[in-house]
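Numbers restart at 1 for each chain; the letters A, B, ... are given by sequence-line order, proteins then strands.
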There are 2 protein chains.
Amino acid sequence: MKQDIKVSVDAVVFGYSPEEGIQVLLIKRKYEPFQKSWALPGGLVLNEESLEEAVHRELQEEAGIDVNYLEQLYSFGQPARDPRNRVISVAHFGLVRPDDYQLSAQTDAEDVAWFSIKRIPRLAFDHKQIIDVAIKRLRSKIVYEPIGFELLDKEFPFSDLEKLYQVLLDNDLDRRNFKKRIMALGFLEEVNKTLQRKAGRPAKLYRFNKKKYFELKERGYHSDLFYS
Amino acid sequence: MKQDIKVSVDAVVFGYSPEEGIQVLLIKRKYEPFQKSWALPGGLVLNEESLEEAVHRELQEEAGIDVNYLEQLYSFGQPARDPRNRVISVAHFGLVRPDDYQLSAQTDAEDVAWFSIKRIPRLAFDHKQIIDVAIKRLRSKIVYEPIGFELLDKEFPFSDLEKLYQVLLDNDLDRRNFKKRIMALGFLEEVNKTLQRKAGRPAKLYRFNKKKYFELKERGYHSDLFYS
DNA sequence: GCAAAAGTGTTTATCTTACACCCATGT
DNA sequence: ACATGGGTGTAAGATAAACACTTTTGC
């Protein structure tokens, strides 16, 4: 009757680009079970490392990336979720700017790639479910915490932010009202540059001032970004 | 280098009474480590049971109660949180009407009791931290989901709900505005009874209509109970 | 000069807040 | 009759929503 359960971590890492929308990072498994299936990066926790450390290590080992935002998502522990042994997975949720890294399959993975969340292949284990939970978390979190910025370039045109919110919340939002609301929050600042991506008028660039955000937050200031 | 980590569940079960405020269920440990310390009910997950089942079982075994609301809270996995082996605890968050049960220490616990969250004794392991996270979750969740009703009698005077929200959010709320908002949500219904607890005019009793709530929720209806 | 994307204010409607007195009961 | 807790509406202020034309660039 001795307990025989293993503990792993998995990471749902989201990226974004105005062309591809929201993407998720997947690896192709090198070994059984689910050999050659796409799956979330992750693996067993080592005896001496924290859960977070395990996630960072696995992301490094399997995909060669380093997220700039990470939080715990949920622990998945159904007895039958792994066909071999019982494995409880502490799933995490991460955000990264895809352009910051060149993906490279490392030791444990045969391949790594970004997939649009609209076209996710069949996945190993219960990883599809985990992604669904993560997407829900992303959608709900983005309305009350400024995590969207972690997905955009450090300096970005305002329209990127607009598109990100539209893609995530898929409601048409009024550009003028959106800008008013965001600017009223007080932590977005204009940098003195412009960017032109294709045609059209060049866009001013903006930057998320994280320090200012935390100052405002400290002062008991609270405001949802959107109520809709 | 084989993984040597155990998996446990712990439960932060909240109760409420208008006199005592928010209370948390604790047990006094029978065995080492932390023998005779107060601690959260919980214990190792069995090989064949789900995490939720483990929580229900432990609550039954240690305190003789059955919660009517339960959700996963967070997994605590710092390598040093248990002095013996490494144990990862999947903490849960539960709500119960204290009057529904007579607490009774069972096999693994020497004692069980409710403690006001204002007077929590020194606890075993990192359980104080876990409770802090749970309180935060309770406070934040009660503003956007009607979980408060799980803490009140099935039929309750409106003032109980008022007091619950005041205690939790500790802001003075306007009784008239509060009632308007709650009633506008459309899932609280008057039952045709009154209750008199001490002096004063007898209070009408109300009931949370869970079915109506889920109907409204299905229809894409969303509304925060409070923004403050 | 026209297509493409960025930039920008005002008015109206809705929602939130502030506020105070009367009612029904027990003692 | 008074103390205790329960019940109730309205007006002012704040916030969100609706709405469309001009600007700057590349081709």
Side-chain angles (χ1 to χ4, degrees), chain A residues 17-19 21 142-144 152-153 155-167 169-186 188-207 216 220-228, chain B residues 17-19 21 142-144 152-153 155-167 169-186 188-207 216 220-228:
Chain A
S17 78
E19 301 82 32
I142 203 170
V143 307
Y144 66 90
L152 301 178
D153 292 335
E155 301 181 344
F156 54 87
F158 208 88
S159 55
D160 276 13
L161 193 63
E162 263 174 50
K163 273 183 215 129
L164 174 59
Y165 274 83
Q166 288 205 84
V167 166
L169 307 178
D170 66 30
N171 56 354
D172 298 339
L173 49 79
D174 183 289
R175 290 168 55 227
R176 279 174 287 192
N177 291 339
F178 178 80
K179 184 154 185 187
K180 261 181 284 174
R181 273 202 278 205
I182 295 290
M183 295 316 279
L185 297 172
L188 195 62
E189 58 192 23
E190 201 174 322
V191 308
N192 207 7
K193 299 184 201 163
T194 58
L195 172 73
Q196 190 164 15
R197 242 184 314 231
K198 283 181 182 167
R201 177 173 175 172
K204 295 181 198 164
L205 292 182
Y206 292 83
R207 181 201 301 146
L216 290 167
Y221 161 96
H222 165 72
S223 156
D224 281 357
L225 282 68
F226 302 95
Y227 301 174
S228 54
Chain B
S17 79
E19 302 82 33
I142 203 169
V143 307
Y144 67 91
L152 301 178
D153 292 336
E155 300 181 345
F156 54 88
F158 207 90
S159 56
D160 276 13
L161 193 64
E162 261 173 52
K163 272 184 215 129
L164 173 59
Y165 274 83
Q166 284 202 94
V167 166
L169 306 178
D170 65 29
N171 54 354
D172 298 340
L173 48 81
D174 182 289
R175 290 168 55 229
R176 280 175 288 192
N177 292 340
F178 178 79
K179 186 157 186 185
K180 260 180 288 175
R181 273 204 277 209
I182 295 288
M183 296 316 278
L185 297 172
L188 196 62
E189 58 191 24
E190 202 175 321
V191 308
N192 205 6
K193 300 184 199 163
T194 59
L195 171 74
Q196 190 162 17
R197 244 187 309 234
K198 285 180 179 166
R201 176 176 176 172
K204 294 180 198 166
L205 292 182
Y206 292 83
R207 181 201 302 148
L216 290 168
Y221 160 97
H222 165 73
S223 156
D224 280 358
L225 284 68
F226 303 95
Y227 302 175
S228 53

message: Can you identify which nucleotide, out of D/dA17, C/dA5, C/dT8, has its nearest atom closest to the A/Arg175 side chain?
response: C/dT8
field: Whole-Å distance separating the CG atom of B/Leu195 from the C1' atom of C/dA24
entry: 14 Å
query: Is the side chain of A/Asp153 donor-acceptor paired with the backbone N or O of A/Phe156 at a distance under 3.5 Å, no angle test?
result: no
query: Taking for each residue the nucleotide of DNA chain D with the nearest heavy atom, is it A/Gly200 or B/Asn177 whose nucleotide lies nearer the 5' end?
result: B/Asn177
message: In whole Å, I'd like the distance from the CE atom of B/Met183 to the P atom of D/dG6.
response: 15 Å
- request: Using modelled atom types only, decide if a donor and an acceptor are shared between the side chain of B/Tyr165 and the backbone of B/Asp160 within a distance under 3.5 Å.
  value: no
- prompt: B/Asp172 CG to C/dC19 P: how many Å, rounded?
  reply: 13 Å
- prompt: Is a donor-acceptor pair below 3.5 Å formed from side chain B/Lys180 to base D/dT10, judging by atom type as modelled?
  reply: yes
- prompt: How many angstroms lie between CD in A/Glu162 and CZ in A/Arg175, if you round to the nearest 0.5 Å?
  reply: 5.0 Å
- prompt: Between D/dG26 and A/Lys198, is there an OP1 or OP2 to side-chain N/O distance shorter than 4.0 Å?
  reply: no
query: D/dG7 P sits how many Å from B/Leu161 CG, rounded?
result: 12 Å
- request: Starting from P on D/dG6, measure out to CD on B/Glu162 and report it in whole angstrom.
  value: 7 Å
Given C/dA4, C/dA6, C/dC19, the nucleotide with the shortest approach to the side chain of A/Ala203: C/dA6
- request: Look at B/Arg201 and C/dC22 and indicate whether a side-chain polar atom (N or O) is within less than 4.0 Å of OP1 or OP2.
  value: no
- request: Hey, could you give me the CZ/CZ distance between A/Arg176 and A/Arg181, rounded to the nearest 0.5 Å?
  value: 14.0 Å
query: When the ring planes of B/Tyr206 and B/Phe158 are compared, do they come out parallel, tilted or perpendicular, using 30° and 60° as the limits?
result: perpendicular
Gap between atoms CZ and C1', on A/Phe178 and C/dG7 respectively (whole Å): 15 Å
field: Interatomic distance where CG belongs to A/Leu173 and P belongs to D/dA18 [whole Å]
entry: 12 Å
message: At less than 3.5 Å, do the side-chain atoms of A/Arg176 and the base atoms of D/dA17 form a donor-acceptor pair?
response: no
task: Check whether any side-chain N or O of B/Ser159 sits under 4.0 Å from OP1 or OP2 of D/dG6, and answer yes or no.
output: yes
query: Roughly, in whole Å, what's the span from NZ in A/Lys204 to C1' in D/dT25?
result: 15 Å
